[in-house]
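Below is one structure; the comments refer to it alone.
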Amino acid sequence: MAEGLRIEGLTAGYAGIAAVRDVSLTVAPGEVVALLGPNGAGKSTTLLSAIGALAPMGGRVLFDGQDITGRTPDAVSRLGLALVPDSRGIFFDLTVRDHFRLAAPKGDKAAVEAMLDRFGALRGLMDRRAGLLSGGEQQMLALAKAFVTKPSVLMVDEMSLGLAPLIVQSLMPIMRRAAEEEGMGILLVEQHIEMALKVADRGIVLNRGAVRFEGPARELLTNRADVEASYMARA
Ligand SMILES: Nc1ncnc2c1ncn2[C@@H]1O[C@H](COP(=O)(O)OP(=O)(O)O)[C@@H](O)[C@H]1O
Ligand SMILES: [Mg+2]
């Protein structure tokens, strides 16, 4: 059954030292959730644990009701949970078309067409090497590459990293549309609090490895003082 992503009481970290403790969150189909918080809060650690790149020290990861804790990233992505990492995972020497061939090796033409509908700017760039794309185009490629695998839940880690706010602003509605039209669940890790909350249904603030504040995006937008206070929270 399509229930989306459910993280329950996740504790995870590096070399036996916890970077997140007892973190719980959900992303339902069709829902955009903004995961906010300062640098080092544990946002990427949470995403890497969900995708299976990092073995949790405690807690569970459920996907569509199935316990996927400890599965490999390959197995997890086959189930329909995808991550666009902050490093973007792009090969500079490969063309845009090559990236789609790698992402959807069975040549799902319909999926590529649907994706090009979303990321129209890539249509004219199919034979260009990724290294020659602008920063915004590279981020678009990173997102599009995930879209062609048709995930039911997509996690995007800091897509705005190194991009001009105007470009970020143009990418946000694409996330919203995917949620509304395809029922994709989206977990958006963002530094641009306001831009993220404007397209999100809910917001969660992580700080020092724990959830410090959460609620409907609209409430968080009108309650910026509490959001900002949760950025300062001490352990
Ligand atoms: N590979 C790593 N090895 C050791 N510590 C790490 C590693 N990656 C992140 N950390 C630490 O874990 C904590 C959480 O980091 P991270 O999840 O990357 O935060 P965020 O994504 O919110 O900026 C930080 O204290 C960070 O220094
Ligand atoms: Mg991070």
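Just so you know, residue 1 is the first one in the sequence shown, and it goes up from there. For ligands, and for the atoms within them, numbers begin at 1 and follow the listed sequence.
In this model, a donor atom of one side chain and an acceptor atom of the other lie less than 3.5 Å apart for R202 and T26. Under 3.5 Å, the side chains of T72 and D74 contain no donor-acceptor pair of N or O atoms.
Here the two rings, on F213 and Y231, have centers that are 6.0 Å apart or farther.
Under the 4.5 Å side-chain heavy-atom criterion for ILVMFWY residues, a single connected hydrophobic cluster contains both M184 and L141.
Taking distance alone, with nitrogen or oxygen atoms compared against 3.5 Å, E158 stays at or beyond that limit from ligand 1.
The closest approach between any non-hydrogen atom of G13 and ligand 1 is not below 4.0 Å. A heavy-atom separation below 4.0 Å is not found between G37 and ligand 1.
Atom 9 (C) of ligand 1 has as its closest protein heavy atom Y14 CE1, 3.4 Å. Nearest non-hydrogen protein atom to atom 25 (O) of ligand 1 is G40 O, 4.0 Å. Scanning the protein for heavy atoms near atom 15 (O) of ligand 1, the closest one is T45 OG1, 3.8 Å. Nearest protein heavy-atom contact of atom 18 (O) of ligand 1 is S44 CB, 3.7 Å. The protein heavy atom nearest to atom 19 (O) of ligand 1 is G42 N, 3.1 Å.
Of the charged side-chain nitrogens involved, at least one lies within less than 4.0 Å of a carboxylate oxygen, so that D127 and R97 count as a salt-bridged pair. The existence of a salt bridge linking E182 and R118 is confirmed by a sub-4.0 Å separation between a basic side-chain nitrogen and an acidic carboxylate oxygen.
The heavy-atom pair separating P38 from N207 by the smallest distance is CG-OD1, 3.5 Å.
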Exercise for review: Decide yes or no on side chain to side chain contact (heavy atoms under 4.5 Å, CB included) for E194 and R224, but give the supporting numbers first.
Suggested key: CA-CA 9 Å; E194 196 158 319; R224 283 296 295 272; 2.9 Å; yes
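Proximity of atom 4 (C) of ligand 1 to the protein is indicated by at least one non-hydrogen atom lying closer than 4.0 angstrom.
Close contacts between ligand 1 and N39 involve ligand atoms 23 (O) [criterion: under 4.0 Å to a heavy atom].
Residue N39: no N/O/S atom is found under 2.8 Å from the Mg ion (ligand 2).
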